[in-house]
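Here, residue 1 is the first one in the sequence, and each next residue gets the next number.
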Amino acid sequence: MKTWMKRLVQGALVLLILLAVTAVWKREQITRLLAVNSLFSQEKIVTNFSNMDAAFLTVPLAENTGTVSPLPRGKDMVLPQGLQDWIDARAVTALVVLKDGEIRHESYHLGTTGEDKRISWSVAKSFLSALMGVMLDQKMIASIDDPVTKYAPSLIGGAYDGASIRNVLNMASGVRFNEDYLDFNSDINRMGRVLALGKSMDGFAADLTETFAPPGKEWQYVSIDTHVIGMVIRGATGRSIPDLMNEHIVGKMGFEAAPYYLSDGEDVAFVLGGLNLRTRDYARFGQMFLQGGMWQGQQVVPADWVNASTVPSAPTKPGNRQYGFQWWMAPDAPEGEYFARGIYGQYIFVDQPHGVVIAVNSADRGFREDGAHRANIEMFRALARAAQ
């Protein structure tokens, strides 16, 4: 009996030692996984959104070695009625309004500052779309009607086999992907755990096998489509997205601070939502698009791509929000009004006819509430009118 007890105690001690060794060995992965699970909690969300590099693997974009591009300050605008109520209701952390390239309003809330680098979430998709336009212009990619497997052969045999670059730009790949952030087992949350545990995003995309429609037939917002765009660009060029973004877009725009991407365990940038910038730099990007891809006398993004990507082209249903090449348009949007949008209230809103760009960062845990998005668009339009 004593021998049996002795062996039991010894076995328990060995198990505890193994668990302790595993915990130390996997400490970073466990820390990141815990960070994912508490990322959107009420008490942490604001701080998390300004400090994503504290919890996730990242890849940097180069520091700006030139002069920061000017973003002059114009006359303070008269703010529209109800603005503060909207800021409070939508947990806005940063608001920058440009009119004709001048700052007419800039404010920070909930303890944040203008120096914070804030997570873009899906606003990053519009940045990657801009890079696709440059790659097409440089003939690195022949056509958006090429199959994605031409440049990303690891997708052959999976759900993306048969989809074109145009299909994924339009979010019309037909790939089945559950984007319910409230469902622990949804595809979007499984993808978050892939990121947190340092696994491969390319492998995650290649492992998808189910479709719900033929490519190009139906629109459905599928975030992993944007990762496939990144796979295409990397496959066509043999280079990383941060390197290309540095060379062709960010490095030409004189951003105030070096951006960074969240990354997977293979240093592949999380291009569908992992870009982190200062809010004024989000505004600079929007202003460049408002100016037809021009920035300080230099054509950064081809004008024809700016025009093509910011008009409805996806097979969305009549009366719903419209979609272009990773840019949104409201169903009642006048010509020249479009926006980039990320979960929890991230926006770059462009009103070309009125010369207005609005960059917004938020920590809005109620962003899916009925009417929340519409209230944002109405406030952006009120700000655009007030800036005149």
Does V356 offer a backbone N or O that forms a donor-acceptor pair with the side chain of Q287 under 3.5 Å?
-> no
In Å, rounded to the nearest 0.5 Å, how long is the span from CG of L79 to CD of Q81?
-> 12.0 Å
Derivation and outcome, side-chain contact (heavy atoms from CB on, under 4.5 Å), residues N361 and F49 = CA-CA 9 Å; N361 291 108; F49 280 15; over 6 Å; no
Show your working on side-chain contact (heavy atoms from CB on, under 4.5 Å) between S122 and Y221 and close with a plain yes or no.
-> CA-CA 11 Å; S122 289; Y221 194 78; 3.0 Å; yes
Evaluate the salt bridge (charged side-chain N to carboxylate O under 4.0 Å, His left out) criterion for residues E115 and R280: first the C-alpha distance (whole Å), next the side-chain angles of each, then the deciding distance (0.1 Å), finally the verdict.
-> CA-CA 9 Å; E115 282 62 56; R280 286 183 295 269; 3.3 Å; yes
Residue pair F367 / R90, side-chain heavy-atom distance below 4.5 Å | no
Salt bridge check: are D146 and R166 linked by an N-O gap of less than 4.0 Å?
-> no
Determine, step by step, whether D225 and K125 satisfy the salt bridge (charged side-chain N to carboxylate O under 4.0 Å, His left out) criterion, reporting the C-alpha distance in whole Å, the side-chain angles of both residues, the deciding distance to 0.1 Å, and the verdict.
-> CA-CA 10 Å; D225 280 5; K125 293 177 169 69; over 6 Å; no
To the nearest 0.5 angstrom, please state how far the CG atom of L275 sits from the OG atom of S126.
-> 11.0 Å
CG (D370) with more than 12 external heavy atoms under 6.0 Å = no
Interatomic distance, L57 atom CG to F270 atom CZ [nearest 0.5 angstrom] = 12.5 Å
Donor-acceptor pair between D202 and H227 side chains, under 3.5 angstrom | yes
Go through the steps for E369 and R374 under the test salt bridge (charged side-chain N to carboxylate O under 4.0 Å, His left out), then give the verdict.
-> CA-CA 10 Å; E369 294 172 356; R374 186 63 195 182; over 6 Å; no
Contact summary for M329 and S309, nearest pair of heavy atoms = CE-O, 4.1 Å
Test item: F177 and L208 side chains (from C-beta on) under 4.5 Å apart, heavy atoms = yes
Evaluate whether atom CD of Q298 has more than 12 neighbouring non-hydrogen atoms of other residues, nucleotides or ligands under 6.0 angstrom away.
-> yes
Honestly, is R321 close enough over W328, meaning NZ or CZ under 6.0 Å from the six-membered ring centre and within 45° of the axis?
-> yes
Heavy-atom side-chain contact between E337 and R381 under 4.5 Å = yes
Side-chain donor or acceptor of N276 paired with backbone N/O of G274 under 3.5 Å = yes
Is there a side-chain hydrogen bond (donor to acceptor under 3.5 Å, both in side chains) between Q326 and T226 once you walk through the steps?
-> CA-CA 8 Å; Q326 310 281 292; T226 309; 2.7 Å; yes
How are the rings of H373 and Y347 set relative to one another: parallel (under 30°), tilted (30 to 60°) or perpendicular (over 60°)?
-> parallel
Side chains of L383 and H105 in contact at under 4.5 Å (non-hydrogen atoms) = no
Worked verdict on V350 versus F339 for side-chain contact (heavy atoms from CB on, under 4.5 Å) | CA-CA 6 Å; V350 178; F339 55 91; over 6 Å; no
Are the side chain of R365 and the backbone N or O of F40 linked by a donor-acceptor pair below 3.5 Å?
-> yes
CH2 of W219 to OG of S313: how many Å apart, nearest 0.5 Å?
-> 12.0 Å
Check: N178 side chain, D180 main-chain N or O, donor-acceptor pair, under 3.5 Å = yes
Do Y108 and I103 belong together in a cluster built from hydrophobic side chains that touch within less than 4.5 Å?
-> yes
Take atom CD in Q388; do more than 12 heavy atoms of anything else shown fall under 6.0 Å from it?
-> yes
Is N51 reaching over with its side chain to a backbone N or O of A54, donor-acceptor style, under 3.5 angstrom?
-> no
Step by step, would you call T279 with R118 a side-chain hydrogen bond (donor to acceptor under 3.5 Å, both in side chains)?
-> CA-CA 7 Å; T279 306; R118 293 176 176 81; 3.1 Å; yes
Honestly curious: do V268 and L155 fall in one hydrophobic cluster under the side-chain, below-4.5 Å linking rule?
-> no
Would a hydrophobic clustering, with Ile, Leu, Val, Met, Phe, Trp and Tyr connected at side-chain separations under 4.5 Å, put V301 with V311?
-> no
Atom NZ of K44 with >12 non-hydrogen neighbours under 6.0 angstrom | no
Should E266 and K199 count as side-chain neighbours, where that means a heavy-atom distance under 4.5 Å?
-> no
Could you check V300, D137, V134 and say which one makes a side chain to side chain contact (heavy atoms under 4.5 Å, CB included) with H248?
-> V134
side-chain hydrogen bond (donor to acceptor under 3.5 Å, both in side chains) between S223 and E179: does it pass, once the steps are laid out?
-> CA-CA 8 Å; S223 279; E179 198 129 348; 2.4 Å; yes
Inter-residue atom distance E335.CD - T310.OG1, 0.5 Å rounding | 9.5 Å
For the residue pair Y344 and Y181, does the interplanar ring angle fall in the parallel (under 30°), tilted (30 to 60°) or perpendicular (over 60°) class?
-> perpendicular
Intermediate values then yes/no, side-chain contact (heavy atoms from CB on, under 4.5 Å), E106 and V97 | CA-CA 6 Å; E106 180 177 11; V97 180; over 6 Å; no
Is a side-chain N or O of Q291 found less than 3.5 angstrom from the main chain of M294, in a donor-acceptor match?
-> yes
Could you tell me whether a side-chain N or O of N189 sits under 3.5 Å from a main-chain N or O of D183, the two making a donor and an acceptor?
-> yes
Can you check whether D243's main-chain N or O pairs, donor with acceptor, with S240's side chain at less than 3.5 Å?
-> yes
Is any side-chain heavy atom of L98 less than 4.5 Å from a side-chain heavy atom of L71?
-> yes
Crowded around Q42 CD? As in, over 12 foreign heavy atoms under 6.0 Å?
-> no
E102 and K99 ion-paired at < 4.0 Å = no
Do the rings of W327 and F289 sit parallel, tilted or perpendicular, given the 30° and 60° boundaries?
-> tilted
Taking NZ, NE, NH1 and NH2 as the nitrogens, is one of them in R239 or E247 under 4.0 Å from a carboxylate oxygen of the other?
-> yes
Find the distance between OH (Y160) and CG (N167) and round it off to the nearest 0.5 Å.
-> 10.5 Å
Distance-only, no hydrogens or angles: does the D264 side chain make a donor-acceptor pair with backbone N or O of V194 under 3.5 Å?
-> no
Output, in order, the C-alpha distance, side-chain angles, deciding distance and verdict of salt bridge (charged side-chain N to carboxylate O under 4.0 Å, His left out) for R278 and D281.
-> CA-CA 5 Å; R278 290 183 179 177; D281 288 335; 5.8 Å; no
Quick one: do W295 and V68 end up in the same hydrophobic cluster if we chain Ile, Leu, Val, Met, Phe, Trp and Tyr together by side-chain heavy atoms under 4.5 Å apart?
-> no
Any donor and acceptor pair, going by atom type alone, linking the side chain of T211 with main-chain N or O of A159 inside 3.5 Å?
-> no
Single-linkage hydrophobic cluster, 4.5 Å side-chain cutoff, L131 and V148 together = yes
